[in-house]
Amino acid sequence: MTVGQQRAWREHWPTLGKAVSELDGTLDADAWFGRKAPVVLEIGSGMGETTAELAKREPDVNYIAIEVYDAGLGQLMLRAEKLGVDNLRLLHGDAVVLLTEHVAPDSLDVVRIFYPDPWPKKRHHKRRLIQPEFIRLVASRIRVGGSLHLATDWEDYAEQMRDVCDAEPLLRNVYADEPGGWAPRPEWRPVTKFESRAEREGRVSRDLIYERR
């Protein structure tokens, strides 16, 4: 980690963060944030470029981000500090463990998974996050009427995401009638440096938005 990221961990983690491995029982978001509000969970916040901006724009939601990389969480805390974000909390650890052991069914309003690791080599596709069992778990934690939003710039991964989510009975593709089932790119989702690089390299970003039945 950089010096700044290390400082962010020292100064902000005790207030903003929790390790999944240290959670005891079901996570009480209302108590953690000190208020009752819709809960957004972002899985894999990376270096926090999108996360901090979205949390800033959505002050009326309780925004939770989970990430496995220390440096990413440190950078996200720096971004949140710069933007004056106070409706953001961070989790360090495995999203599967979090959802399985510490998130109640039907409790999340929105789940976002933006640009997960594409594992582009075919022999590594089994390592991709978006698999039927994982999506079944995610869907079960979203309240009825809530949403799951995914995005990727890898065409074959986008198609895998769509096929897996279309096959999940708890989910309905909001844009099923659109060509390919792709959602229009939301104007509110910030364009990150990774998305800009993908465009330069000729890869098109695709969004998928599902509603919990």
Side-chain angles (χ1 to χ4, degrees), residues 38-58 60-61 63-67 95-96 99 105-213:
V39 178
V40 175
L41 174 66
E42 183 177 336
I43 297 174
S45 52
M47 299 304 284
E49 188 176 0
T50 294
T51 311
E53 287 286 347
L54 290 180
K56 176 69 173 180
R57 296 179 193 179
E58 301 173 291
D60 295 330
V61 307
Y63 206 112
I64 300 174
I66 182 167
E67 175 57 59
V96 173
L99 292 167
D106 308 307
S107 62
L108 302 174
D109 293 89
V110 178
V111 173
R112 292 171 176 160
I113 308 173
F114 295 152
Y115 299 92
D117 194 327
W119 292 102
K121 294 181 180 179
K122 190 169 183 179
R123 68 176 183 272
H124 293 156
H125 284 186
K126 62 181 179 295
R127 300 183 185 179
R128 287 175 167 176
L129 180 64
I130 308 304
Q131 307 286 351
E133 185 177 355
F134 178 71
I135 289 300
R136 190 173 308 121
L137 173 62
V138 170
S140 73
R141 268 44 182 175
I142 300 173
R143 65 167 178 79
V144 175
S147 66
L148 168 64
H149 186 174
L150 309 100
T152 182
D153 58 309
W154 288 86
E155 183 177 7
D156 69 313
Y157 199 7
E159 292 169 349
Q160 177 181 329
M161 289 176 170
R162 180 192 58 199
D163 294 345
V164 168
C165 292
D166 282 353
E168 172 50 54
L170 291 176
L171 297 175
R172 178 185 71 85
N173 188 339
V174 176
Y175 292 93
D177 294 335
E178 296 294 322
W182 311 120
R185 190 199 184 286
E187 293 183 1
W188 50 261
R189 181 164 63 74
V191 178
T192 66
K193 63 180 180 181
F194 297 105
E195 185 175 356
S196 298
R197 183 176 67 188
E199 290 178 357
R200 291 195 301 271
E201 295 174 357
R203 295 195 306 276
V204 177
S205 289
R206 291 175 171 84
D207 286 73
L208 289 160
I209 299 177
Y210 289 82
E211 181 181 70
R212 166 68 198 277
R213 298 182 190 273

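To the nearest 0.5 Å, atom CG of residue D109 and atom CZ of residue R143 are 4.5 Å apart. Here OG1 of T50 is found 10.0 Å from CZ of R112. Values are rounded to the nearest 0.5 Å. Atoms CD1 and CG, on I130 and L208 in that order, are 10.0 Å from each other to the nearest 0.5 Å. Note that the CG atom of D117 and the OH atom of Y157 stand 8.0 Å from one another [nearest 0.5 Å]. Between the CZ atom in F134 and the CD1 atom in I113 there is a gap of 4.5 Å [rounded to 0.5 Å]. Note that CD1 of I209 is 9.5 Å distant from CG of L150, once rounded to the nearest 0.5 Å.
D153 places no side-chain N or O within 3.5 Å of a backbone atom of A198 that could act as its donor or acceptor partner. The closest donor-acceptor contact from the side chain of R213 to the backbone of P169 lies under 3.5 Å.
When only modelled atom types and interatomic distance are considered, E42 and T51 share a side-chain donor-acceptor pair under 3.5 Å.
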Please assess V40 against L54 for the test side chain to side chain contact (heavy atoms under 4.5 Å, CB included), listing each intermediate value before the final yes or no. CA-CA 10 Å; V40 175; L54 290 180; over 6 Å; no
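Residues P190 and R57 share a closest heavy-atom pair of CG-NH2, 3.8 Å. Across S196 and V191, no two heavy atoms sit closer than the pair OG-CG1, 3.4 Å. Between A139 and R212 the shortest heavy-atom distance is O-NH1, 3.1 Å. Taking every heavy atom of both residues into account, A151 and P116 meet most closely at O-CD, 3.6 Å. The two residues L99 and L41 come nearest to each other via the heavy atoms CD2-CD2, 3.9 Å.
Side chains of R162 and Y210 form a contact here, defined as non-hydrogen atoms less than 4.5 Å apart. Looking at V110 and V61, their side chains never come closer than 4.5 Å, going by heavy atoms from C-beta outward.
No salt bridge links D156 with K122; every basic N to acidic carboxylate O contact stays at or beyond 4.0 Å.
Listed by first and then second residue, the side-chain hydrogen bond (donor to acceptor under 3.5 Å, both in side chains) pairs involving residues 130-141 amount to none (not counting sequence neighbours). Note on residues 163-193: pairs passing ring-ring contact (aromatic ring centres under 6.0 Å, His included), not counting sequence neighbours, are H149-W188.
For the pairing with R189, the salt bridge (Lys or Arg N to Asp or Glu O under 4.0 Å) check across E58, E49, E53, E195 returns one residue only, E195. For the side chain to side chain contact (heavy atoms under 4.5 Å, CB included) test with L171, the passing option among V164, L148, D166, V138 is L148; the others fail.
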